[in-house]
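Note that the coordinates shown come from a computational prediction; the quantities given were computed from them, not determined experimentally. These values consider heavy atoms only, across backbone and side chains, with no hydrogens, waters or symmetry-generated copies.
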Amino acid sequence: MTANGLHDTIKDLDAFKILIVDDKANMRRTFRNMLRALGFTNFLDADDGDVALSKIRAERLDLVICDWNMPKMSGLEVLRTLRQDPAYRELPFLMITAEVEEATVAETIEAEVDAYIIKPFHPKTLEDKITEIICRKYSPSPLEVHLKMAEALIAAGDYSQAHAELDQAAAITPRSPRVHYFRGQVYEAQGRLDEAEKSYAMARAIGPKFLKAHEKLADICERKGRSSDMVRILKEAVIISPKNADRQTKLGKALLAEGRVQDAKKAFQKALSLDPSNSGRKAAIGEAFLAHGLSNEAEKAFKASLEDNPLDAHIYNRLGIAFRRQRKFEEAVQYYLKALTLLPEEENLHFNLARAYKESGQTGPAMDHLTRALELQPDFPEALELLNELRGTA
């Protein structure tokens with residue numbers, strides 16, 4: 001498709017609205033000039049990612065052209081935010097980046113970008129990429145049509161028809177990794193894990209860099225209790241795309257399940273270096289350590305989470321548990337009390353605090369909090385059992 005050919009696919013180029021996102025005014029101007037040469041006239045500008053998201057949500061847009069490297073919110077963060085929202089999952093997105101590292105490119109593709117351009121670039125490159133995106137959106141190939149239909153049918157729970165669509169897709173391109181990936185999704189939804197595993201493995205074999213297949217295959221291994229296979233698959237995925245914090249976290253958890261504590265710590269440290277302000281990730285790492293009896297490491301992770309979110313009663317509670325397991329009862333009591341200042345009517349907090357008091361030899365306060373827990377939740381057998389035990393020893 002040439003610039004003139006754009007008119008054949010887009011009936012009204014003047015109405016086709018493009019958002020240009022770049023923190024440098026001269027680059028936004030350059031993009032507008034290039035786009036005008038292609039026949040486009042309808043532009044919006046944003047000088048950062050947060051501004052871009054506001055405009056995307058306020059306007060009906062046909063294409064986003066976005067720079068990766070911006071000071072407040074990166075282009076990658078914008079893309080990930082959009083792809084997590086069903087309203088914008090299909091919004092065409094062209095990423096502009098100065099990065100040439102394979103890991104960076106993999107990260108962009110994994111975030112489901114429609115296309116990307118590496119700076120510096122020729123105007124013809126911009127034309128080719130926009131053409132590629134527009135053709136895919138407005139004139140999808142028969143393979144794309146079948147895959148989109150299969151995806152919709154999976155979401156609707158119509159697995160028989162989804163298989164039929166995938167049969168037609170496979171007849172067009174038998175060695176498409178996405179055909180096998182979606183087939184795996186159907187099998188998994190049907191509870192047929194062995195067939196799902198084979199399909200995901202085939203997708204991964206055909207497309208070694210198709211990271212969605214790695215993720216799904218790792219999940220199947222986890223569900224089957226094969227932690228060694230899960231670690232192996234995730235390690236391969238991390239080599240392809242090492243800047244994914246979620247995958248590094250998942251790898252850390254799998255390594256803990258294997259008893260490889262030091263390797264797990266390295267994976268967790270990498271995840272946190274990639275996503276340093278995510279209190280939820282820190283809490284999840286704390287939970288992983290706690291589940292494997294590493295209470296001291298859990299304590300550190302939960303404390304780090306609290307630095308970002310000091311009003312999270314759940315984390316105070318989990319810290320209380322971590323301290324109690326280390327037999328640091330005074331610290332446990334302090335954190336349970338902090339949790340109760342935030343959630344004074346939470347019966348489980350009263351119960352946990354009572355256990356800490358009991359284990360530190362403070363029977364009176366323990367009984368008081370057990371009584372309060374039972375006032376809040378009369379059907380609380382563990383609290384009643386512990387209260388009766390204390391009454392028998394008082």
Applying the 4.5 Å side-chain criterion to the ILVMFWY set and letting contacts propagate, would Met95 and Leu61 be lumped into a single cluster? yes
Whether over 12 other heavy atoms sit under 6.0 Å from Lys72 NZ: no
Given side chains that start at C-beta, do those of Trp68 and Ile96 come closer than 4.5 Å, heavy atoms only? no
Under 3.5 Å donor-acceptor, Asp14 side chain and Thr41 backbone: no
Is a side-chain N or O of His122 found less than 3.5 angstrom from the main chain of Lys124, in a donor-acceptor match? yes
Are Ser228 and Glu258 linked by a side-chain donor-acceptor pair shorter than 3.5 Å? yes
Side-chain heavy atoms of Val231 within contact of Lys235, under 4.5 Å: yes
Whether Tyr187 and His163 hold their rings parallel, tilted or perpendicular, with breakpoints at 30° and 60°: tilted
If you apply the rule side-chain contact (heavy atoms from CB on, under 4.5 Å), what do you find for Leu390 with Lys358, and how did you get there? CA-CA 8 Å; Leu390 291 175; Lys358 171 186 177 291; 3.9 Å; yes
In this structure, are over 12 heavy atoms from other groups packed under 6.0 Å from Met202 atom CE? no
Within-4.5 Å side-chain heavy-atom neighbours: Val179 and Leu147: yes
Contact between Leu35 and Arg32 at the side-chain level, heavy atoms closer than 4.5 Å - yes or no? no
Please confirm whether the backbone N or O of Asp22 pairs with a side-chain atom of Arg28, one donor and one acceptor, at under 3.5 Å? yes
For Val21, does its backbone N or O pair with a side-chain atom of Asp67 as donor and acceptor, under 3.5 Å? no
Test item: Lys282 side-chain N/O and Pro276 main-chain N/O as donor-acceptor pair under 3.5 Å: yes
Supply the atom-to-atom distance Lys328 NZ to Glu299 CD, rounded to the nearest 0.5 angstrom. 4.5 Å
Are any of the side-chain heavy atoms of Lys253 and Met230 separated by less than 4.5 Å? no
Spell out, as yes or no, whether a donor-acceptor pair under 3.5 Å connects the side chain of Ser360 to the backbone of Tyr357. yes
side-chain contact (heavy atoms from CB on, under 4.5 Å) evaluation trace for Asn352 with Arg318: CA-CA 10 Å; Asn352 285 341; Arg318 303 309 286 172; over 6 Å; no
For a side chain to side chain contact (heavy atoms under 4.5 Å, CB included) with Leu91, tell me which candidate from Ile56, Asp114, Leu19 qualifies. Ile56
So for atom NZ, which belongs to Lys198, do other residues, nucleotides or ligands contribute more than 12 heavy atoms lying within a distance under 6.0 Å? no
Among Glu331, Arg324, Arg355, find the residue that satisfies the side chain to side chain donor-acceptor pair (under 3.5 Å) test when tested with Tyr336. Arg324
Steps toward side-chain contact (heavy atoms from CB on, under 4.5 Å) verdict (Leu79, Cys66): CA-CA 9 Å; Leu79 176 59; Cys66 185; over 6 Å; no
Should Asp62 and Ile18 count as side-chain neighbours, where that means a heavy-atom distance under 4.5 Å? no
Could you tell me whether the side chain of Glu236 reaches within less than 4.5 Å of the side chain of Ile240, counting heavy atoms only? no
More than 12 heavy atoms from other groups under 6.0 Å of CE on Met149: no
Answer yes or no on whether Lys265 is positioned over the face of Phe268, meaning its NZ or CZ is under 6.0 Å from the six-membered ring centre and within 45° of the axis. no
Note, Tyr200 side chain near Glu215 side chain (heavy atom, < 4.5 Å): no
For Arg327, I'd like to know if atom CZ has over 12 heavy atoms of other residues, nucleotides or ligands within 6.0 Å. no
If we check side chain to side chain donor-acceptor pair (under 3.5 Å) with Asp275, which of these qualifies: Gln248, Lys270, Arg281? Arg281
Looking at Arg136, Arg178, Lys137, which hits side chain to side chain donor-acceptor pair (under 3.5 Å) with Glu144? Arg178
Glu385 CD: over 12 foreign heavy atoms closer than 6.0 Å: no
Classify the ring geometry between Phe121 and Phe31 as parallel (under 30°), tilted (30 to 60°) or perpendicular (over 60°). parallel
Check whether any side-chain N or O of His214 sits under 3.5 Å from a backbone N or O of Lys209 as a donor-acceptor pair, and report yes or no. no
Spell out, as yes or no, whether a donor-acceptor pair under 3.5 Å connects the side chain of Ser305 to the backbone of Ser279. yes
side-chain contact (heavy atoms from CB on, under 4.5 Å) for Arg192 and Tyr159? Distances and angles first, verdict last. CA-CA 12 Å; Arg192 299 162 65 180; Tyr159 305 131; over 6 Å; no
Could you check whether any side-chain N or O of Gln185 sits under 3.5 Å from a backbone N or O of Tyr181, counting only pairs where one atom can act as donor and the other as acceptor? no
